Amino acid sequence: MAKKSIANVDLKGKRVLIRVDFNVPQDDKGAITDDRRIRMALPTIQHVLNNGGRVILMSHLGRPEGKDRNADARFTIEPAAKRLGELLGKPVKFSPEAVGPVAEKAVAELKDGEVLMLENVRFYEAEQIKDKNAKNDPALKEKKESFARQLAAFGDVYVNDAFGTCHRDNASMLTVPQQMTGKPKVVGFLVEKELKYLGDALNNPQRPFVAILGGKKVSDKIAVIEALLKKCDTVLIGGAMQYTFMLARGLKAGQSLVEPDKVDEAKRLLQLGGDKLKLPVDVVCAKELKPGIATTTVEGDIPDDLSGFDIGPKTVEEYKKIIAGAKTVAWNGPMGVFETPPFDKGTYAIAQALVEATARGAITVIGGGDSAAAIEKAGLSEKVSHVSTGGGASLEFMEGKPFKAVEILDEA
Ligand code: AMP
């Protein structure tokens, strides 16, 4: 069921409490090295301002684990508020507290057309109390709810525009909207777009539907492989997880990264997948992981002194052919150690194949995290249909797990 969008709410004179994801990367001096997440939130923020509302922003940044801004200034979200001001071309007010008297005063003084950013919600332990822990512990439950109630009181409208944390039951994501009965609770434009692209691709795909899964650990991806085998026509495997599959097929993986305790799971997936599940036919190997090191391309057993770091050229050709025939492609996880050339070739070839598929009209969706970083690094993110902002969230979405933080929002 589609969720109500911020486009369909009266915002004039309203205090619009928006959960954004301003968890931006910073260098040692605290300078923001990539402001993409802030830029992605601009359409929602601008929409509220254009319609005469007041914007109150909350977000997490890093993992301060309950320390406050005085104890660990690295995690203050003030630099993100400043950058937002530059991008909007207007001042953004900042409250050094997310709740309490200082925040209350700042909210009370906010006027129509103004923006206020609250301090990092993860400075408060209550933000990350898990519901499963709070269930049997009344004091913990009250701690989480009392924090959420204070935030909830700041808004006449609640907006979720933080896709990257939609799979979590954090206070600002779930408990705050739970405390806002009778008030509109909607998705912002960013979350709306994520749900549309990921949702359509997975639940209503144009066929053939091809999924490409890579990354480090097969253990992280078992559930998603299983879910996608049910929905897709073909699932292509790459990344380090292919070596555990090699063991499952009775092949040697040399020094490659493997998870011996997942071999039985891999065997089960091979049986379940049959012809649908494709594994690399060749692997680019080396003695160690070093930029520019000499490589050997191996088919079959990997020699004892070598590790596999990328899919090989034959695999690239085979996967490219399959992608070329697809009408929907979903990709999550790099094909090799793309951070260390020459082991970036497989990942970039697949990225290029997605760009070509998009140009001939296929829907191409990239799950966040490392595959998003790879396509961004290749300068190709504008040439695919959608690059998700959520790493863990997009993976859980692909697994078909329900997101309580989205379910709580109003229906369209
Ligand atoms: P994940 O977080 O599971 O998506 O894994 C991403 C990481 O997997 C990236 O940092 C890659 O460098 C790494 N990776 C991909 N292929 C390999 C490989 N063959 N050996 C070791 N690491 C790999």
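For ligands, and for the atoms within them, numbers begin at 1 and follow the listed sequence. Bear in mind that the values here come from a model prediction, so they are computed numbers and not experimental data.
Counting only N and O atoms by type, the side chains of Lys231 and Asn203 include a donor and acceptor under 3.5 Å apart.
Contacts between Val337 and ligand 1 below 4.0 angstrom, taking non-hydrogen atoms only, involve backbone and side chain alike. With a 4.0 Å cut-off on non-hydrogen atoms, Phe343 does not touch ligand 1 at all. Counting heavy atoms under 4.0 Å from ligand 1, residue Gln242 does not touch it at all.
How far OG of Ser172 is from CD1 of Ile18: 13.0 Å, rounded to the nearest 0.5 Å.
Against a heavy-atom cut-off of under 4.0 Å, Lys221 is close to the following atoms of ligand 1: 3 (O), 4 (O). In the vicinity of Gly215, heavy-atom distances shorter than 4.0 Å reach the ligand 1 atoms 1 (P), 3 (O), 4 (O), 5 (O), 6 (C), 8 (O). Within the listing of ligand 1, atoms 18 (C), 19 (N), 20 (N) sit less than 4.0 angstrom from a heavy atom of Gly308.
Given atom 3 (O) of ligand 1, the protein heavy atom at minimum distance is Lys216 N, 3.0 Å.
Just one of Glu194, Glu411, Glu192, Glu407 meets the salt bridge (charged side-chain N to carboxylate O under 4.0 Å, His left out) condition when paired with Lys3; it is Glu411.
Aromatic ring centres of Phe397 and Phe403: separated by under 6.0 Å.
Remark: the backbone N or O of His47 is paired with a side-chain donor or acceptor of Asn51 at under 3.5 angstrom.
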